[in-house]
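One structure below.
The first residue of the sequence shown is numbered 1, and numbering continues consecutively from there. What you are looking at is a predicted structure, and each value in this text was computed from that prediction instead of being measured.
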Amino acid sequence: MMEWTDRHCRYFLRGFSPRVLLYTEMITAAAIVHGKREQLLRFAAEEQPLALQLGGSDPQLLATAARAGADSGFCEINLNCGCPSDRVHAGAFGACLMLEPQRVADAVAAMRAAVATPVSVKMRIGVVAGPGARAQLGRYDEDDYERLRHFTALVAQAGCTRFIVHARKAVLGGLSPRENREVPPLRFDVVQRLKLDFPQLAIEVNGGLRSAAACWAALQWSDGVMLGREAYHRPHLLAELHQQLFDDGWHCPAIGELLERMAAYAEREVAAGERLSAITRHMLGLCSGRPGARRYRQCLSDGAREHQCQDGSAPPISAAGLLRSAALVCAV
């Protein structure tokens, strides 16, 4: 998720499962090729397993960016063909790519030729645009499905074997990114049909999954589930799923242990010049649904602001001290 799942967020979420596959926020191929590559692709070893999500439509730029990602150690390269935001649409990538299946196939083929690392595609069940887009949201007919099937078949022929499908149509123009996540009806049945038609492919589902029970139900017919904002706001959901899915004896650490881990991380990052608020903003959901959650969020937010001294003086509390204080608040 752009501007959400940065490296600080991913380090925090890794504490809730050592095995779930984490994704970077979408990074444009052009930014990697022409920009600050090392900064954009930076991650801590503890974040692994980690996939790099790319945005773009030029096959050669995507191939070069994929090679940079593979050389940096990412275990998967993902092409985003599902983001419907106006900014992404204007850049000719994201969900609008589903209207150009051959271009996506060419991009996947170029990336597959450039790296040995697996290449996956994130997509929607369809795309609608134009003034009558809203009227099309409640309908999903055979023509819609045939376009989805054709897209999947063509991209699979290019070498992609793993598709993460957001079970909603994307509306290009007319809906905000939030509305695009909520207004178009969820159609898990369409993703189920796609899996039946392509049993040899890994078909994973995304969208509207807000509980371990819902994820478990989806896993009875899909090859995986992708979680976004629900995992961000309620990270313990990852731990709950890990313990249900993996019989490996792992148990989620207590809140105090999770915060102690982040205290050490924050001290290291702040000493290297990072703002404490850039780290703590991702941690506000740690105590979600528990006693003291509101006081915990306030403690983190207020403390991070106070830590960012404008006059060069020493902050009233260290990064580690703030997180340890927050642990005590949440425990009350």
(Q) Quick check: do Y296 and I255 have side-chain heavy atoms less than 4.5 Å from each other? (A) no
Q. Under the 3.5 angstrom rule, does the side chain of K195 hit a backbone N or O of P199 as a donor-acceptor pair?
A. yes
Q. Any side-chain heavy atom of V165 within less than 4.5 Å of one from N206?
A. no
Q) Under 3.5 Å, is there a donor-acceptor pair linking the side chains of S17 and R19? A) no
(Q) With salt bridge (Lys or Arg N to Asp or Glu O under 4.0 Å) as the test, pick out the partner of E142 among R147, R149, R193. (A) R193
Q. Going by heavy atoms in the side chains, are R324 and L259 under 4.5 Å from each other?
A. no
Q) Do F188 and L209 touch side chain to side chain, with heavy atoms closer than 4.5 Å? A) yes
Q. Got C81 and K122 here, is their nearest side-chain heavy-atom distance under 4.5 Å?
A. no
Q: State whether the side chain of Q53 and the backbone N or O of N80 hold a donor-acceptor pair below 3.5 Å, judged by distance alone.
A: no
**Q.** Intermediate values then yes/no, side chain to side chain contact (heavy atoms under 4.5 Å, CB included), L54 and M26
**A.** CA-CA 5 Å; L54 294 176; M26 183 173 65; over 6 Å; no
**Q.** 4.5 Å side-chain heavy-atom contact, L50 and L21
**A.** no
Q | Contact check, side chains of L286 and F12, non-hydrogen atoms, under 4.5 Å | A | yes
Q) With a 4.0 Å cut-off, would you call R10 and E47 a salt bridge? A) yes
(Q) Consider salt bridge (Lys or Arg N to Asp or Glu O under 4.0 Å). Of R7, R268, R42, which one does E274 pass it with? (A) R7
**Q.** Any donor-acceptor N/O pair, R139 side chain to D144 backbone, under 3.5 Å
**A.** no
Q: Start with the C-alpha gap between T117 and C75, add the side-chain angles, then the distance that decides, and say whether side chain to side chain contact (heavy atoms under 4.5 Å, CB included) holds.
A: CA-CA 6 Å; T117 306; C75 65; 5.5 Å; no
Q. Does the pair D6 and R281 meet the rule for a salt bridge (Lys or Arg N to Asp or Glu O under 4.0 Å), with working shown?
A. CA-CA 11 Å; D6 61 20; R281 74 184 184 95; 3.4 Å; yes
Q.
Is it the case that the side chain of D223 and the backbone of I203 share a donor-acceptor pair, with hydrogens and angles ignored and the cut-off at 3.5 Å?
A. yes
(Q) When you measure from the side chain of R234 to the backbone of S288, do you find a donor-acceptor pair of N or O atoms at a distance under 3.5 Å? (A) no
Q: List the steps, then state whether side chain to side chain contact (heavy atoms under 4.5 Å, CB included) holds for M123 with H166.
A: CA-CA 6 Å; M123 63 194 217; H166 189 151; over 6 Å; no
Q) Run the side chain to side chain donor-acceptor pair (under 3.5 Å) check on S222 and E204 step by step: do they pass? A) CA-CA 5 Å; S222 71; E204 304 178 15; over 6 Å; no
Q. Can you get from Y11 to L13 by hopping between Ile, Leu, Val, Met, Phe, Trp and Tyr side chains that sit under 4.5 Å apart?
A. yes
Q: May I ask you to check whether Y145 and D197 show a side-chain donor-acceptor distance below 3.5 Å?
A: yes
Q | F74 ring center within less than 6.0 Å of F43 ring center | A | yes
**Q.** H236 and L258: CA distance, side-chain angles, deciding distance, side chain to side chain contact (heavy atoms under 4.5 Å, CB included) verdict
**A.** CA-CA 11 Å; H236 275 98; L258 290 166; 4.2 Å; yes
Q: Look at the aromatic rings of H282 and H8 and report parallel, tilted or perpendicular, splitting at 30° and 60°.
A: tilted
Q. Is any side-chain heavy atom of R261 less than 4.5 Å from a side-chain heavy atom of R14?
A. yes
Q | Under 3.5 Å: donor-acceptor pair, side chain of R187, backbone of R168 | A | no
Q: Verify whether one side chain among Y23 and E76 offers a donor that lies under 3.5 Å from an acceptor in the other.
A: yes
Q: Tell me, please, which residues at least two apart from R112 pass side-chain hydrogen bond (donor to acceptor under 3.5 Å, both in side chains).
A: none
Q: List the steps and the verdict of salt bridge (Lys or Arg N to Asp or Glu O under 4.0 Å) for R103 and D106.
A: CA-CA 5 Å; R103 179 185 287 272; D106 291 344; over 6 Å; no
